[in-house]
Engineer: 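Sending over a structure as structure tokens; questions will come in a sec.
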There are 2 protein chains.
Amino acid sequence: MTASQDISRLLRERGARVTPARLRVLALLRGAERGLSHHDVEKALDDGTPVDRVTLYRVLDWLVEQGLAHKVADENRVFRFSAATADGEPHLAHAHFVCDDCGKVFCLQDTPRTPPRLPAGFASTQVEFEVHGHCAACNVPAEAAR
Amino acid sequence: MTASQDISRLLRERGARVTPARLRVLALLRGAERGLSHHDVEKALDDGTPVDRVTLYRVLDWLVEQGLAHKVADENRVFRFSAATADGEPHLAHAHFVCDDCGKVFCLQDTPRTPPRLPAGFASTQVEFEVHGHCAACNVPAEAAR
DNA sequence: CTTGCTCTTGCAATCCGGTTGCAAATACAA
DNA sequence: TTGTATTTGCAACCGGATTGCAAGAGCAAG
């Protein structure tokens, strides 16, 4: 069974209409390594039939409404969408490396999943672990300059 | 000594110009229970001499730059500002707790600093550890609702 | 297959928080 | 008091997100 058929069935099961936009967007989110912005999704889909900007916003919000995706504002105040896991929970430990030169974001695989110790009464829903610095590509010139 | 004189001295100590806008905004942030949006601050200051929209943005960003305030995008993708802890200085290596309900930012003191493992060639300059969730004050109603 | 209803899409206009360029005002050191 | 770099105010602008509405498409019924 293809991923598309899989998703198609998933949508149909909840009495929703199966449209190309929904299939393509959800498939994309499911295959993504990290949260995708509206712009990321638009770019990723523009090789085939392009999807209208507004439609894309609506599809993304619809997925969130259906519990199939999560919507989070990132540090630059743009929304990022990620596919929900089977149980509907967002993944808890999130480690990123942000290059301050080129702005690229890398996912760190070896997440040191440090359980945060919180004051009494506090509850955590998401942990962001973000390392800033210079990536391998941008770091070389800096080293040479020393 | 008044709070204003206190802040005035604080600014002067770091070689910064003391202006009414800076004094008023920082005093406001320090007295705030939760993170304030640009709009919140503007509204809170409009009884006296109104502060220009743009000036306000610039003052807020300047405070962040100086390490006197924190800036976080809330779940509705608007920035919220809160005063840094008294010493103001070291938010390089410690963790923050961001309450997704009230927007307040807490500094977590007891962070076990796990050195991040980076791919070869990568260099880190700053590590941000941000825990999202509900603070003690906001968590109570949620508990009661169960 | 065709019909008909409803949901979805596309387009244009709009909203809104935030930013930029530049000239006028002002803090503060000399 | 004066000189100068910093800060402020204004207007224009940016870009992500939203809204209104007419045209198009999914899908169940016949």
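The sequence lines fix the lettering, A, B, ..., with proteins before strands; numbering per chain opens at 1. No experiment lies behind these values; they were computed from the predicted model shown.
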Engineer: Mark up nucleotides 15-22 of chain C, 5' to 3', with B wherever a protein heavy atom is under 4.0 angstrom from a base atom, S wherever such an atom reaches only the sugar-phosphate, and - elsewhere.
Structural biologist: --BBBBB-
Engineer: At a heavy-atom distance below 4.0 Å, what parts of residues 16-25 of chain B sit against DNA chain C?
Structural biologist: B:R17, B:V18
Engineer: Identify, with sequence neighbours excluded, every residue that meets side chain to side chain contact (heavy atoms under 4.5 Å, CB included) alongside A:P50.
Structural biologist: none
Engineer: List for me each residue that meets side chain to side chain donor-acceptor pair (under 3.5 Å) alongside A:S8, sequence neighbours excluded, and say none if there are none.
Structural biologist: A:R12
Engineer: Which residue pairs pass the salt bridge (Lys or Arg N to Asp or Glu O under 4.0 Å) test when at least one of the two sits in residues 46-66 of chain B, sequence neighbours left out?
Structural biologist: B:D61-B:K71
Engineer: Figure out the CZ/P separation between A:R12 and C:dT8, and round it to whole Å.
Structural biologist: 13 Å
Engineer: Can you tell me how far P of C:dG10 sits from CD of A:E42, to the nearest Å?
Structural biologist: 12 Å
Engineer: Using the test side chain to side chain contact (heavy atoms under 4.5 Å, CB included), find all partners of B:P119 that sit at least two apart in sequence or belong to another chain.
Structural biologist: A:L108, B:F122
Engineer: Side chain to side chain contact (heavy atoms under 4.5 Å, CB included) with B:A44: which residues, sequence neighbours excluded?
Structural biologist: B:L28
Engineer: List in chain and number order the residues that pass ring-ring contact (aromatic ring centres under 6.0 Å, His included) with B:F79, two or more places apart in sequence or in another chain; answer none if no residue qualifies.
Structural biologist: none
Engineer: Using the test side chain to side chain contact (heavy atoms under 4.5 Å, CB included), find all partners of A:D40 that sit at least two apart in sequence or belong to another chain.
Structural biologist: A:R34, A:L36, A:S37, A:R80
Engineer: Output every pair passing ring-ring contact (aromatic ring centres under 6.0 Å, His included) with a member in residues 21-48 of chain A, not counting sequence neighbours, ordered by first then second residue.
Structural biologist: A:H38-A:Y57
Engineer: What pairs meet the ring-ring contact (aromatic ring centres under 6.0 Å, His included) rule with one or both residues in residues 10-29 of chain A, with sequence neighbours excluded?
Structural biologist: none
Engineer: Give the first and the last nucleotide of DNA chain D, reading 5' to 3', that has any atom under 4.0 Å from a heavy atom of chain A.
Structural biologist: D:dG16 to D:dC27
Engineer: When you measure from the side chain of B:R24 to the backbone of B:T49, do you find a donor-acceptor pair of N or O atoms at a distance under 3.5 Å?
Structural biologist: yes
